[in-house]
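What follows is one structure encoded as structure tokens, with my remarks underneath.
By convention here, the first residue in the shown sequence is residue 1.
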Amino acid sequence: MKSIGTDASAIEVLLVEDSPGDVRLTREAFKDAKVHINLHVAPDGVEAMAFLRREGEYANVPRPDLILLDLNLPKKGGREVLEEIKESPTLKSIPVVILTTSASEEDILRSYMLHANCYITKPVGLDGFLKVVHSIDNFWLSVVKLPR
């Protein structure tokens, strides 16, 4: 997996996103913010759970330090993925940031009821993504200091 950024220790991030454009924007935002990460991408909920459970082709992948999860995914929706993560004794400690286009109060409340750690409505354009990445970097990666 390709690292993005310049710091000494990379943070493992799983981006669960089906939009190639949003994946590209996220990669660019992390690169521009100079956050050193290994970004793994799962294009749907089924692949995300296979990655997290280290099944099949994902048998040797690292455990993510952070999950960025879209709600509107093919095959298995983000809400189901979130619920499975937070019900799993081995996965529930991984912080999950919902990063989605929905600003629906129902989606926000349901995500927090399913124990999402944060809910962010996707910004439009690189500048907005940069702000999101900086907020993730400042809080999750600096204040929380994710366990390695």
Side-chain angles (χ1 to χ4, degrees), residues 1-5 7 9-31 33 35-124 128-130 132-148:
M1 191 57 47
K2 185 177 178 188
S3 294
I4 300 172
D7 294 337
S9 63
I11 290 148
E12 301 294 335
V13 176
L14 175 61
L15 173 63
V16 187
E17 174 59 65
D18 64 318
S19 166
D22 286 350
V23 170
R24 198 169 34 258
L25 271 176
T26 304
R27 280 189 199 282
E28 286 302 312
F30 275 115
K31 185 177 177 182
V35 177
H36 191 66
I37 66 165
N38 290 324
L39 185 66
H40 308 272
V41 178
D44 61 61
V46 171
E47 275 199 50
M49 292 312 300
F51 184 99
L52 291 166
R53 292 181 180 132
R54 297 177 176 162
E55 297 171 342
E57 68 182 278
Y58 301 111
N60 297 313
V61 297
R63 175 187 163 95
D65 296 309
L66 177 67
I67 300 168
L68 302 177
L69 177 64
D70 188 12
L71 290 181
N72 303 309
L73 298 167
K75 298 184 183 176
K76 180 181 285 197
R79 291 160 201 84
E80 290 175 83
V81 171
L82 177 60
E83 189 169 10
E84 286 183 37
I85 291 168
K86 294 305 181 177
E87 287 178 349
S88 168
T90 59
L91 300 175
K92 69 181 178 182
S93 64
I94 302 172
V96 178
V97 174
I98 303 299
L99 185 58
T100 189
T101 55
S102 174
S104 156
E105 186 175 332
E106 181 181 333
D107 282 339
I108 295 168
L109 291 173
R110 182 152 183 236
S111 294
Y112 282 122
M113 288 181 70
L114 292 172
H115 305 287
N117 297 86
C118 184
Y119 191 103
I120 300 172
T121 303
K122 277 185 197 172
V124 176
F129 266 85
L130 274 171
V132 167
V133 166
H134 282 292
S135 72
I136 290 169
D137 182 43
N138 289 336
F139 183 71
W140 292 108
L141 311 179
S142 300
V143 176
V144 175
K145 295 188 182 182
L146 298 168
R148 301 296 299 157

Measure from the side-chain N and O atoms of Asp44 to the backbone N and O of Leu73, and report whether any donor-acceptor pair falls under 3.5 Å.
no
Taking every non-hydrogen atom, the tightest pair across Arg54 and Val61
NE-O, 3.0 Å
Here the gap from Leu99 atom CG to Leu15 atom CG, rounded to the nearest 0.5 Å, amounts to 7.5 Å
Show every ring-ring contact (aromatic ring centres under 6.0 Å, His included) that has at least one partner inside residues 41-75, sequence neighbours left out.
His40-Phe51, Phe51-Tyr58
Could you give the distance from CD (Glu84) to CE (Met49), rounded to the nearest 0.5 Å?
4.5 Å
Under the side chain to side chain contact (heavy atoms under 4.5 Å, CB included) rule, what do Lys92 and His115 come out as? Steps first, then yes or no, please.
CA-CA 9 Å; Lys92 69 181 178 182; His115 305 287; over 6 Å; no
Spacing of CD1 belonging to Ile11 relative to CG belonging to Leu39, to within rounding of 0.5 Å
12.0 Å
On a heavy-atom basis, the closest approach of Ile108 and Ala103 is CD1-O, 3.8 Å
Spacing of Asn38 atom CG and Glu12 atom CD [to the nearest 0.5 Å]
4.0 Å
When rounded to the nearest 0.5 angstrom, what distance separates CD in Glu17 from CG in Asp70?
4.5 Å
Closest approach of Asp107 and Arg79, non-hydrogen atoms and distance?
OD1-NH2, 3.0 Å
What is the minimum heavy-atom distance between Leu71 and Thr100, and which atoms define it?
N-OG1, 3.6 Å
Can you tell me how far the CG atom of Leu14 sits from the CD atom of Glu47, to the nearest 0.5 Å?
10.0 Å
Give the minimum heavy-atom separation between Lys86 and Ile94, together with the two atoms involved.
NZ-O, 3.1 Å
With heavy-atom distances below 4.5 Å as the criterion, would you say the side chains of Asp22 and Lys122 are in contact?
yes
With side chain to side chain contact (heavy atoms under 4.5 Å, CB included) as the criterion, how do Ile67 and Leu91 come out once you've worked through the C-alpha distance, each side chain's angles and the decisive distance to 0.1 Å?
CA-CA 11 Å; Ile67 300 168; Leu91 300 175; over 6 Å; no
Which heavy atom in Ala116 sits nearest to a heavy atom in Ile98, and how many Å separate them?
CB-CG1, 3.7 Å
With a 6.0 Å cut-off (strictly less than), is the heavy-atom count around CZ of Arg63, excluding the residue itself, greater than 12?
yes
Go through it in stages, so that I can follow the logic: the residues are Val41 and Arg27, the test is side chain to side chain contact (heavy atoms under 4.5 Å, CB included), and I'd like the CA-CA distance, side-chain angles, deciding distance and then a yes or no.
CA-CA 10 Å; Val41 178; Arg27 280 189 199 282; 3.7 Å; yes
Quick check: does any side chain N or O of Asn117 sit under 3.5 Å from a backbone N or O of Val97, one acting as donor and the other as acceptor?
no
